Amino acid sequence: MNDLIVRPASDGDGDAIAALIAEAFAEYEGCVFDRATEFPELDAIASHFAARDGAIWVAEAAGTVLGSLAIAPSRDEGLADGAMEITKVYVARSARRRGVARALYARARALAEERAAPLIHLWTDTRFADAHRFYESCGFVRLPGARALEDLSATWEYPYSLALTSRSPASPEG
């Protein structure tokens, strides 16, 4: 998309991100979007991720938010120190397969590399097959197992991980 702008989200973007999530959930039977119960962070979304030492971006065209993606230090135990987790990946159905998610992901990956994160991981609803293909196209590998969220949608999620390679600035180029 030639007119796509990727920018840091503001707290005021919560309603637009909520609309993206609601649209995505509506595509799947049994997916329930209940903002007040399950997504209270949308009321101050940028502040939420800033407090977690993370960031969230939105992609927009012609003043309309078409996508979102966030990254923050992982809270999952058992991962390498410094691991980062991607969340809030949503793209309007009308904007999919047009580079929106990839543009957002590029920002998150750059931040993870800037912080020398050893890996990026994420959890994705088992029903979101298009998302799985996107993550795999970015180099993520689906790990064994799944977890139940015990939310209103009875969500099960698959884990995905991407090891980041880092080169010490002092190491010789090969």
Side-chain angles (χ1 to χ4, degrees), residues 1-9 13 16-31 33 39 45 49 52 54-62 64-76 78-80 82-149 151 153 155-167 174:
M1 299 183 79
N2 293 340
D3 59 343
L4 188 71
I5 297 168
V6 175
R7 63 169 174 78
D13 288 315
I17 296 169
L20 291 172
I21 298 169
E23 178 186 24
F25 281 23
E27 294 176 38
Y28 300 92
E29 187 175 333
C31 269
F33 178 70
F39 295 93
I45 193 68
F49 282 100
R52 289 192 53 205
I56 183 165
W57 297 270
V58 293
E60 64 181 13
T64 300
V65 173
L66 300 173
S68 67
L69 188 146
I71 191 167
S74 178
R75 295 177 175 169
D76 283 10
L79 294 177
M84 303 284 288
E85 180 176 5
I86 288 179
T87 60
K88 298 291 184 278
V89 184
Y90 296 98
V91 175
R93 188 178 186 99
S94 64
R96 292 184 193 151
R97 294 193 163 108
R98 298 175 69 193
V100 175
R102 200 159 300 278
L104 289 160
Y105 170 67
R107 295 285 178 101
R109 180 161 179 158
L111 181 61
E113 289 175 345
E114 177 184 307
R115 294 188 182 181
L119 66 91
I120 302 172
H121 81 104
L122 60 94
W123 292 90
T124 181
D125 192 306
T126 58
R127 296 170 276 205
F128 295 178
D130 287 343
H132 306 162
R133 283 187 287 278
F134 170 71
Y135 299 132
E136 290 164 8
S137 78
C138 291
F140 284 83
V141 174
R142 188 171 123 193
L143 302 176
R147 71 177 181 185
L149 290 188
D151 60 358
S153 301
T155 303
W156 280 83
E157 293 181 319
Y158 293 134
Y160 277 79
S161 184
L162 173 69
L164 298 177
T165 57
S166 61
R167 226 181 354 222

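Both backbone and side-chain heavy atoms feed into the values below; hydrogens, waters and symmetry mates do not. None of these values were measured; they are calculated from a predicted model.
Taking both residues in full, the closest heavy atoms of Val100 and Gly67 are given as CG1-CA, 4.2 Å, listed atom of the first, atom of the second, then distance. When every heavy atom of Ala163 is checked against every heavy atom of Leu119, the shortest pair comes out as CA-CB, 4.1 Å. Arg109 and Cys138 get closest at one heavy-atom pair: NH1-O, 4.4 Å. Here the shortest heavy-atom pairing between Pro118 and Ala83 reads CD-N, 3.9 Å. Considering all non-hydrogen atoms of both residues, Ala72 and Phe49 come closest at CB-CD2, 4.2 Å. Closest of all the heavy-atom pairs between His132 and Asp125 is NE2-O, 2.8 Å.
Note on ring orientation: taking the six-membered ring where Trp is involved, the planes of Tyr135 and Tyr160 are tilted (angle from 30° to 60°). A tilted orientation is assigned to the rings of Phe25 and Phe128, their planes being inclined by 30° to 60°.
Under a 3.5 Å cut-off, the side chain of Arg96 and the backbone N or O of Val91 do form a donor-acceptor pair. No donor-acceptor pair under 3.5 Å is formed between the side chain of Ser153 and the backbone N or O of Thr155.
Residues forming a side chain to side chain donor-acceptor pair (under 3.5 Å) with Glu60 (at least two apart in sequence, or on another chain): Arg7. Every residue meeting the side chain to side chain contact (heavy atoms under 4.5 Å, CB included) condition with Thr64, not counting sequence neighbours, appears here in chain and number order: Leu66.
With Leu69 as reference, Ile86 is the one residue of Ile86, Val6, Thr87 to meet the side-chain contact (heavy atoms from CB on, under 4.5 Å) rule. Between Ile71 and the choices Leu122, Leu111, Leu104, Ile56, the side-chain contact (heavy atoms from CB on, under 4.5 Å) rule is met once, by Leu111.
Within a 6.0 Å sphere centred on CZ of Arg93, other residues, nucleotides and ligands contribute 12 heavy atoms or fewer.
For the 3.5 Å distance criterion, the side chains of Arg142 and Thr124 fail to qualify, holding no donor opposite an acceptor.
Distance check, rounded to the nearest 0.5 Å: CZ of Phe33 to CD1 of Ile21 gives 5.0 Å. Remark: Met84 CE to Leu162 CG distance equals 12.5 Å, nearest 0.5 Å. Here OG of Ser68 is found 4.5 Å from CD1 of Ile17. Values are rounded to the nearest 0.5 Å. We find the CG-CD distance between Asp151 and Glu157 to be 8.0 Å, quoted to the nearest 0.5 Å. Once rounded to the nearest 0.5 Å, the distance linking CD1 of Ile45 with NZ of Lys88 reads 5.5 Å.
In this structure, Arg127 is not positioned above the aromatic face of Tyr28 in the sense of NZ or CZ being under 6.0 Å from the six-membered ring centre and within 45° of the axis.
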*Before giving the answer on side-chain contact (heavy atoms from CB on, under 4.5 Å), spell out for Asp130 and Arg97 the whole-Å C-alpha distance, their side-chain angles and the decisive distance to 0.1 Å.*
CA-CA 10 Å; Asp130 287 343; Arg97 294 193 163 108; 3.8 Å; yes
